[in-house]
Amino acid sequence: MFDVAVVGSVNLDLVATTPRLPRPGETVSGTGYAEHPGGKGLNQAIAASRNGARVALIAAVGDDEAGSRLRSLAAEEGIDISAVAVVDHVSTGRALITVDEHAENSIVVVAGANARTHIDEMPEATVVIAQLEVPLTEVLAALLIARSRGAITVLNPAPAAPLPDELLGVCDIVVPNEHELALLGGVDALRSRGVPTVVTTRGAAGVEVVDAGGRAWTQPSFPVEPLDTTGAGDAFCGALAARLAAGDDLRDAVRFAAAAGALATTVAGAVPSLPDAGTVGELLSASGRVQR
């Protein structure tokens, strides 16, 4: 029995830094380049693990050096990788990321082996969280199994896409950003389609929550100096899942997750930026919002 099971993508992130993001048809000179482990599934699994959860990852990588490297990294982070499949003759997923001097980014994701993710045996967990960088059929299969076992089901609908009622109907919590929420029709539309709780991340504007009782409230953002926003949403989602699995109520879990997301913007790269529980606790204490 795991605390958190994450169904999602595993990528190698190829990151270029530039003074500004290029316009269509424009070439911009880069100021730096780095390769980092990434993918929303791997990011959220590591974020949950670093915040104290026992985590299983359900994913797929290619039979290449990147896949081997990323599986090893996940294992080193204390994540169970027995459900991370190695797909023959397919490359591991890639994300091509450009980050400007204001910490804004643009991202192109090439699915690779992520498109072959398949739910075979689903690990049991208190919280199951998924995203949309793997086939929708497998996300639905995972959340249906999780719901049948009484797990808390969480969906991070990224990258943004229209979603069927069948999928939304098995989600206890949906965690979109502002753009994803707009594509899905807004909070009222999601709740009318069967989602009890909507947690919307809004960057520096904080987090807006409408809970299962219909109560709306806002978690303010934490003041930090952002360097790179890549991975901030995944830090939030992974930390949220970890704290829900630990038994926190929604307000405390969102507060903790907001601090984790803020800290993730202060370090370059997705996985390198994901904070651990001690670092998050320090920010909460310094801000006068001590985790109960």
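The chain is numbered in sequence order, starting from 1. Hydrogens, waters and symmetry mates are skipped; everything else that's a heavy atom, side chains included, is used.
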Would you call [X] and [Y] a side-chain contact if the rule is heavy atoms closer than 4.5 Å?
X	Y	answer
P123	D80	no
L136	P164	yes
V175	E180	no
K40	L132	no
R215	R251	no
L244	I173	yes

Short N-O contact, D3 and R54, less than 4.0 angstrom: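 Counted as a salt bridge, because a side-chain N and a carboxylate O are separated by less than 4.0 Å.
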Short N-O contact, D252 and R255, less than 4.0 angstrom: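 Here D252 pairs with R255 in a salt bridge, since their nearest N and O are under 4.0 Å apart.
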Check: N114 main-chain N/O paired with T117 side-chain donor or acceptor under 3.5 Å: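 At least one qualifying donor-acceptor pair exists.
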Heavy-atom donor-acceptor pair, S91 side chain to G62 backbone, under 3.5 Å: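 It does not hold such a pair.
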Closest heavy-atom pair and its distance - G231, A264: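 Closest pair (atom of G231, atom of A264, distance): O-CB, 4.3 Å.
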Atom [atom1] of [X] and atom [atom2] of [Y]: how far apart are they, to the nearest 0.5 Å?
X	Y	atom1	atom2	result
T265	F222	OG1	CZ	12.0 Å
E76	I46	CD	CD1	10.0 Å
T153	D172	OG1	CG	3.5 Å
E104	D228	CD	CG	10.0 Å
T92	N11	OG1	CG	8.5 Å

